[in-house]
Structure formats: C-alpha cells, structure tokens
Amino acid sequence: MKRIFVVLLILLVSGILYAQSNDNPFIQNKFNPDMSLIADFAFVSSDIRDESRERLEIPEFMHHMPHSHMNKNRGITFNYLELALSAPVDPYFDLVAISTYAPGHGIEIEEVYADTKFLPYGFGLRLGLFKSDIGRQNSKHAHIWDFYDSPVIYDSLLGTEGLSGAGFRLTYTFPVDFLLQLGTEVFQGSTDEPVSFNADGFTFLDKTIEPASKPALFTGYIKTSFDFGDHIFLLGSSVIYGQSNLVHSHHHHGEEEAEESHPDHAVSASGTILYGFDLTYKYIVDAYRYLSFEGEYLSRIIDGNLYLANDNGTADESDDVALEKKLYKTNSGLYVQTLFKFDKRWRTGIRLDYLFEPDIRIDEQSLEQEDEKLYKLSCMLEYYFTEFSRLRFQYNYDHTKYFEERMLPVQEFILSLNFAVGSHGAHSF
Amino acid sequence: MKNILLTVLLTLFISSVLLAEEPIKVVVTYPYLESIVKEIGKEKVDVSTLAKGTEDPHFVVPKPSLIGRLRQADILFINGASLEIGFLPPLLKQANNTKINPGADYLIDLSKRVELIDKPENVSRSEGDVHPEGNPHYYLSYNNLPKIAEGIRDGLIKVRPGSKEFFEKNCSSFLKRYEEKKEKWDSLLGKINGCKLIQYHRLFNYVAKDAKCTIFAEIEPKPGIPPTAKHLEEIIKKANGQSVLKIIGDDYHETKSVKRLSEEAKIPYVILPHDVKSFDEVKDIFSLYDTVVGRLSE
C-alpha cells in the first residue's frame, strides 16, 4: 500500500513538472487541482504498555480501542500523511478528495465528494463519500482538532474519525442576517468498523440477522450562529437514525495471537437514535487573541435484541447457540473545553470528558452499574511557528478505561508536530 | 368595507413601491470597501462588512453568522490578491449563493483593476506569507482609489442597470472631492520625497512608492513572521548613519518592537491605520488617507 502511495505521488509531481516545462504546447497546469499535504508526527510517553493499551475498554461504551490515525504507542511515531485535492469540475460542481496514508492502516480515502454550485435559494447538495456535519467535532479532520485525540464520547459512540460514509447531504441556509442552517443526510449505513451503526447482516453462532434495506442511515441537524460585537455564539442540535447490527468480540487473554478474537455477544436494533447538542462561545480579544468555550453532549438509545452465547456445557464452542434477550440501552456523555489563544503564536486549552452512567435493561431488568465515575482530563499548549506548522504538548489523565475488568487510570504525555504545505487551507472557526 | 379594501390596496401599493426600491444587498470584505460603496450606492445599497477594522486582514475570524449575510448578497466586493484566502472560501461554500460563488458574475475582485507591485518571481513559503499575485495592500495608496471606485460603480450598475445614472453621478462627485483632496495629499507626500522608511509589515509599499521613498527594512524578518531580537539588532546596525525618516507601526501588530527600535536606533516612529475603523478617528476612506499621509509627513 505504501508503495502505491509513493508511486502516485511521484507520478503526480512528475506530471506537474512535465506540464510546466516550456516546450509542451498542451500545457494544462492551470487546471491542476489545488493540492495540499499534511504530515503529523508525535512523541508519546505513557504509563501503560502498548500491548496492554490494545486491550483497554470502557464497559458498556467501548468494547475495544478505536481505529485512529493518532498513534498512542510509546515513543516516536509517524501518524499520517494526508493528501487533499480540490478543483472545480465545471460551472456546476466542485470536487474534493482527501486521502490519508497511515502506518498500519494503509491508504484510506477519507472523503471524495462533489458539491453543487447551481442550486438556487440557498440550497446546497453534497454527493459522495464524506464526513457527516452533525455535531461540532464530527466533520473536523484530525489536523484541525483542538486536542491530539478526539473526545471520549466520540470514540465511544461515533468512532475517533466520526460518522462518515457514502451518501448525500442537502442543506438549506435561511436568508437572515445570522446563520440559520438546516441539513439532512442519507448514508448507505454499512461500514467495516461499526461503532453504533451498521446495516449489514451478521451471523452469530446459530443466529443470522439479514442486512437492512439500504440506504439505512439518516441524519438531520440545525445550526445557528449570531454575535454581539466580539461575542460569538454557535449552537447546534443533531439527530442520527439508523440500524445497529453489531457483533462484539472479546479477546482471549494471555494468548499469543491477539487476532484470534471470539464473538462474545451481538446486538441487533432497527431504530437506534443518536442525538446531540453543541454550543460554542468565542470572545475575540483582539487581532490575535481569543477565548473560547465549547461543549457537546451526545446520547445514543439502542432498543432491540441482544444475543449472548449460551454455553451448552460441552467444551466445543461451535456447539454454542445464541440466546436472545430484549435490550434497551442508553449511553450518554459530553466534553467541555476552554481554549485561550493568548498570542499570535501561542494557544492553550483544557478539556474535560465525562461519561454518564448508562441505563441498561436486559429483558426489562435493570443492570447494576459500576460506581466509578468515568472522566478524562486533558490540557494542551500549542506553539505555531506559522499557521502552517504547529508544535503541541498535551497531558491526559484518563479515568475511563478498564483493563481486565478493573479501572485503570492512564496518564499520557504527548508532543506532536503538524505540517501543512501546498494550497492555503481555511482557518476554522 | 370600502375603507378596508382601500387600505389593503394602498398597503399593497406602498409595499410594492418599497419592494421595487429595496436596496441592493452588498457584502464587502473590509471596512474601506464599505466606505466607498456607501459613497457610490448611497440609499440604494445595504452594505454588510465581513472584517472589522481592527482585525489582521489576513486572519479575519470566519464568524459563522457571516454565512447568513453572504447567503443574501446580490453582489460581493473583495480586495483580492489572496488577502481573503484564509477565511472567505469556506464561508462562500457554506453560503451556497449562486450569484457570488467563485467564478460567478457578482463576485468582484477589485485587485484586478489595479497594478500590483512586489510580485514575487518565485513563490515559496520559506519566504513567509507571500502573495503570488503581488502585494495585496494596494488600497492604502490613494492613487488607486479611482480604479477601486470605478470597479464598485460598474459592479453596482451590473446589479441594477436602471440606476446607472445615479451610481455614475455619485461616483463622479465622489471622485471630484477626491481630486481636491489628492492635491493636498500630493503636496504632503512631496515633503518627504525620497526618504527612507522602516515598516513593521509590507503594508505601506504602495504609499512609499507614491512618495518616492524606499522601504529600508521591515521589522518582520519575513512577511507574517514575528520579529526576533537578533533581527532588530541587525536593523539598528544597518540603519546607523542612514538617516531613516520614520519607523511605521500599524494598528493591529504589536507596537513594542516598533518603540524599542525607535528608542535604540533614535528614529521617530508613527502608528498608521491599515483600514477604515481601525482607530476611532478613521471614519471613512478620506480620513484613512488623511491619517496615513498626515502622520507620515508630519
């Protein structure tokens, strides 16, 4: 995979160089897409061994560590290289393609979409593979995150990279002097690494669940923003509705081959709802300084069936049958953060993640919960050489993770470096 | 009954008249453009401005509320030369306004009307925040004002051809007042003809050109890069015995380095506005030039 990427890059660069050479009468370089490359590196120090980290979980929230480009293995790591290309297709569409190469993940197409430019009355349409615009954090790519890692509630309910997929989005912006925008998205709803939503079927022991009819994932959101002088407010409210066909595996502890995971239980629910609220407040002090507050709350309700392995007494696990139970489960959590940009080159911030005690009922019987409060505290300090290069130092105290069924607080020190070259990216709000 | 009918008809009539006369919704990126648009459009325009006069024009906060204003715009005037590159494109994308999308008829880039200077031969970010099109702060030279005003006039006429004469009349009376002012500004700049200047950022290159002055040094080692003590020392050494007239600071950069340099190199400093509404006294485009030229030639 790595080789393909290098070859592609060489082809692209040589193509541009050829196009720029003067003796080519068919010069097309003015049509080359805007291109930017983003590279991310980190140094991580942590009080947990890499092998143990892989096996951390948050009971009833996160069954295994999420898929992420932001490496947390100890030592020096190269996280990812992102290549973003964009250009107008014609007077009617713009095309954007964002792909990432990350060690261990290969090349991934994160987004490829076309935006319409011709719809009247403030309507907009996006078609392709893209990140959902629900919530505040979801649509952001890792390099514009305010912290090194994504909020725990995102890791738990939507995945580190957030909700994305193949589909389309329709937005409408109201003709008013502030921002009032409605959006709705339709996604295929099947994914390789489902967190909350998956429309594909599965087989768990002797039980087979048929795939749902697709597209199977729907979202809706409303955003509004207004300001009073230097005080800016942005509020959003979102909802996701879809199918949850999820098989959860548990790892056999102590075995050499960690790959040999074993299906532990499965969930099938047809009307899973995930909703959220977000609020951002920003106070502009002067040309280079600001103070901001951001908070986002997410909640997911699964109402369907739970399948457990019913051990029939024999040693042979292939004889197990699925035991069907009614499942009702609510998971909620939030993050709040404050950022202070106190100089043209410096920014600092603190974030608190908090997970609420889940409400779980199996066959209408409430499940006893652990007493531990689940929270994570992060602080960071950033230095911007320019807007194109950033050094960030972050400390995490993570009191959400369990190791072998016991709470294991994790501390991390992370030093990360991010570079952006090529066409000028946008400053995010 | 008759009365009610009459009232309804009258209301409809009045509102239709009002609708016909509804002002053009103009959005501009910077306050100096707002000032000129108001001079030419008068009561026939309703202007919204994206940036504040106290902001760094390269780093305008992309407030989401601006999307709502862009959504309703009939026309958008921009400074151009990549000055808005960091904040405008995503706002435009969100606004989905077919009239002012990049490439559409009513997105007017005024930098296309003027001749830009300092166009770099090679573009590389190792030279700092350089603009491939040339220096984008052309509006700080009053000599470029007629071209900007004409661009705005033509844009407004394109939106409302019926008011062509109105806009033309306002534009020519504006430019007449400008001609009177220009004489005064010319003579003031004449006083400092041929001088050497130090500036913080490459903001006043066009003004220096008007005054036939040379920019001796910049406090920023490279555009957009904050100064270092070493760089300031180099300037002091270089300026020794060179009779530099003034050090120019501006309203949005820090002034500490300006004052320090002024003290150590024994060169007087002056703080100039970079845009309308940057200081309280800079109310419109004329007072912008009054202040820039006045303070520089003091």
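Every chain is numbered from 1, with letters handed out A, B, ... down the list of sequences.
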If I measure from the heavy atoms of chain A, does B:Lys93 come under 4.5 Å with its side chain, its backbone, both, or neither?
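Interface part for B:Lys93: side chain.
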Would you mind checking which part of B:Glu254 comes under 4.5 Å of any heavy atom in chain A, side chain (CB onward), backbone (N, CA, C, O), both or neither?
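Contact with chain A: none, neither part.
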Kindly write out the residues that satisfy ring-ring contact (aromatic ring centres under 6.0 Å, His included) with A:Phe147, not counting sequence neighbours, or none if the list is empty.
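So A:Phe147 forms no ring-ring contact (aromatic ring centres under 6.0 Å, His included) with any residue.
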Flag yes if more than 12 heavy atoms outside [X] fall under 6.0 Å of its [atom1] atom; otherwise flag no.
{"X": "B:Lys42", "atom1": "NZ", "result": "yes"}
{"X": "B:Glu234", "atom1": "CD", "result": "yes"}
{"X": "B:Asp280", "atom1": "CG", "result": "no"}
{"X": "B:Lys158", "atom1": "NZ", "result": "yes"}
{"X": "B:Tyr269", "atom1": "OH", "result": "no"}
{"X": "A:Tyr383", "atom1": "OH", "result": "yes"}
{"X": "A:Tyr92", "atom1": "OH", "result": "no"}

If you define the side chain from C-beta out and look only at heavy atoms, does anything of B:Thr98 sit under 4.5 Å from A:Leu119?
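Counting from C-beta outward, B:Thr98 and A:Leu119 never come under 4.5 Å.
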Can you find a pair of side-chain heavy atoms, one from A:Arg345 and one from B:Pro226, that are under 4.5 Å apart?
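They are in side-chain contact.
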Using non-hydrogen atoms and a 4.5 Å limit, figure out which bit of [X] sits close to chain B: side chain, backbone, both or neither.
{"X": "A:Phe118", "answer": "backbone"}
{"X": "A:Lys117", "answer": "both"}
{"X": "A:Thr171", "answer": "side chain"}

Which of the residues B:Asn96, B:Ile85, B:Ile225, B:Leu88 is involved in the greatest number of heavy-atom pairs with chain A at under 4.5 angstrom?
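Greatest number of close heavy-atom pairs with chain A: B:Asn96.
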Do you know which of A:Phe385, A:Phe233, A:Phe226, A:Tyr288 has the most heavy-atom pairs with chain B at a distance under 4.5 angstrom?
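Heavy-atom pair counts peak at A:Tyr288.
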Out of A:Ser423, A:Gly122, A:Gly124, return the one with the most heavy atom pairs under 4.5 angstrom to chain B.
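It is A:Gly122.
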Write out, in numerical order, the residues from residues 124-135 of chain B with a heavy atom short of 4.5 Å from a heavy atom in chain A.
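If one takes a 4.5 Å heavy-atom cut-off, the residues of residues 124-135 of chain B near chain A are B:Arg125.
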Suppose a student defines contact as a heavy atom less than 4.5 Å from any heavy atom of chain A. Which residues in residues 47-78 of chain B would they list?
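Residues B:Lys52, B:Thr54, B:Glu55, B:Asp56, B:His58, B:Phe59, B:Val61, B:Pro62, B:Lys63, B:Pro64, B:Ser65, B:Ile67, B:Gly68, B:Arg69, B:Arg71, B:Gln72 are the ones that qualify, each having a heavy atom under 4.5 Å from chain A.
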Any residues in residues 172-181 of chain A near chain B, with a heavy-atom distance under 4.5 Å, and which are they?
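Against chain B, the residues of residues 172-181 of chain A that fall inside the cut-off (heavy atoms, under 4.5 Å) are A:Tyr172, A:Thr173, A:Phe174, A:Pro175, A:Val176, A:Asp177, A:Phe178, A:Leu179, A:Gln181.
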Please report the interatomic distance OH(B:Tyr252) to NZ(A:Lys344), rounded to the nearest 0.5 Å.
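If we round to the nearest 0.5 Å, B:Tyr252:OH and A:Lys344:NZ are 7.5 Å apart.
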